[in-house]
**Q** 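Have a look at the structure that comes next, please.
We count ligands from 1, going down the list as the structure has it; atoms in each ligand are counted the same way.
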Amino acid sequence: MSKPFVAILMGSDSDIPVMEASFEILRKFDVSFEVKVSSAHRTPEATHSYVKDADARGCAAFICAAGMAAHLAGAVSANTLKPVIGVPINSSLDGLDALLSTVQMPGGIPVATVAIGKAGAKNAAYLATQIMGVSDPELHQKLIDERAANAKAIIEKDTALQEKLNNG
Ligand code: RP5
């Protein structure tokens with residue numbers, strides 16, 4: 001079996017600009033990932049085969065992005081016991097259609113649904129990394145360090161703001 005990896009599926013190549021936020025975070029943590037355009041509706045059989053194959057090759061978590069009647073994450077979750085994270089894409093109705101289609105899964109077939117759009121794409125990658133970090137102490141430490149660096153950056157921004165306000 002290969003090194004654990006994250007599989008990112010997108011319903012269309014039009015989802016790529018949003019999902020680049022996921023790629024960026026996974027690269028930051030040196031997490032291996034694959035990306036595939038595969039649709040629950042337009043290529044249901046190929047989606048099914050890819051999920052089974054990725055699962056058997058050591059996929060640790062799936063990230064699924066789709067817009068409109070977004071059934072991709074649910075269709076993937078139906079075919080694996082690996083964690084599935086759904087990213088609703090705003091391609092109509094401000095993404096609310098995709099959010100509800102992704103999040104409202106029947107009991108027993110979970111999809112961990114994140115926010116609509118780029119913030120969700122980012123958090124999907126963080127969540128997948130955290131899932132892998134449970135059994136990878138080195139990766140877990142990288143997450144701890146990154147949170148500390150983020151906190152430091154916010155404190156520095158506040159310090160700069162206070163100085164500006166006091167000297168203005
Ligand atoms: C969904 O429909 C895709 O995930 C995409 O967000 C949306 C529109 O797809 P395209 O018409 O741009 O291919 O399946």
**Q** Taking the inter-plane angle between the rings of F29 and Y126 on a 0 to 90° scale, is it parallel (under 30°), tilted (30 to 60°) or perpendicular (over 60°)?
**A**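 Perpendicular.
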**Q** Select one of side chain, backbone, both or neither to describe which atoms of S12 lie under 4.0 Å from any atom of ligand 1, heavy atoms only.
**A**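 Both the backbone and the side chain of S12 come within reach of ligand 1.
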**Q** Number the atoms of ligand 1 from 1 as they appear, then name those within less than 4.0 Å of a heavy atom of S91, with their elements.
**A**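 Here the atoms of ligand 1 in question are 6 (O), 7 (C).
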**Q** Going by the atom numbers of ligand 1, which of them fall below 4.0 Å from some non-hydrogen atom of A66?
**A** 4 (O)
**Q** Check whether N123 reaches the backbone of G120 with its side chain - one donor and one acceptor, N or O, closer than 3.5 Å.
**A**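 Absent.
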**Q** To the nearest 0.5 angstrom, please state how far the CG atom of N79 sits from the OG1 atom of T47.
**A**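 Between atom CG of N79 and atom OG1 of T47 there are 9.5 Å.
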**Q** Consider side-chain contact (heavy atoms from CB on, under 4.5 Å). Of I8, I116, I63, which one does V87 pass it with?
**A** I63
**Q** Against heavy atoms of G67, which atoms of ligand 1 measure under 4.0 Å?
**A** 1 (C), 2 (O), 3 (C), 4 (O), 5 (C), 6 (O)
**Q** Quick one: which ligand 1 atoms are inside 4.0 Å of a heavy atom on D15?
**A** 3 (C), 4 (O), 5 (C), 6 (O)
**Q** Check this for me: does any side-chain nitrogen of one of E24 and K28 sit under 4.0 Å from a carboxylate oxygen of the other?
**A** no
**Q** Counting C-beta onward and ignoring hydrogens, is there a side-chain heavy-atom pair between E146 and L143 closer than 4.5 Å?
**A** no
**Q** What residue and atom, counting heavy atoms only, is the protein's closest point to atom 12 (O) of ligand 1, and at what distance?
**A**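 Going by distance alone, atom 12 (O) of ligand 1 is nearest to S14 OG, 2.7 Å.
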**Q** If only atom types and distance count, is the side chain of S77 paired as donor or acceptor with the main-chain N or O of A73 below 3.5 Å?
**A** no
**Q** Taking the non-hydrogen atoms of R42, is any one of them nearer than 4.0 angstrom to ligand 1?
**A**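 Yes.
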**Q** Hey, is S39 one of the residues with a heavy atom under 4.0 angstrom from ligand 1?
**A** no
**Q** Does any N or O of ligand 1 fall below 3.5 Å from an N or O anywhere on I89, backbone included?
**A**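 No; the residue has no nitrogen or oxygen that sits under 3.5 Å from a nitrogen or oxygen of the ligand.
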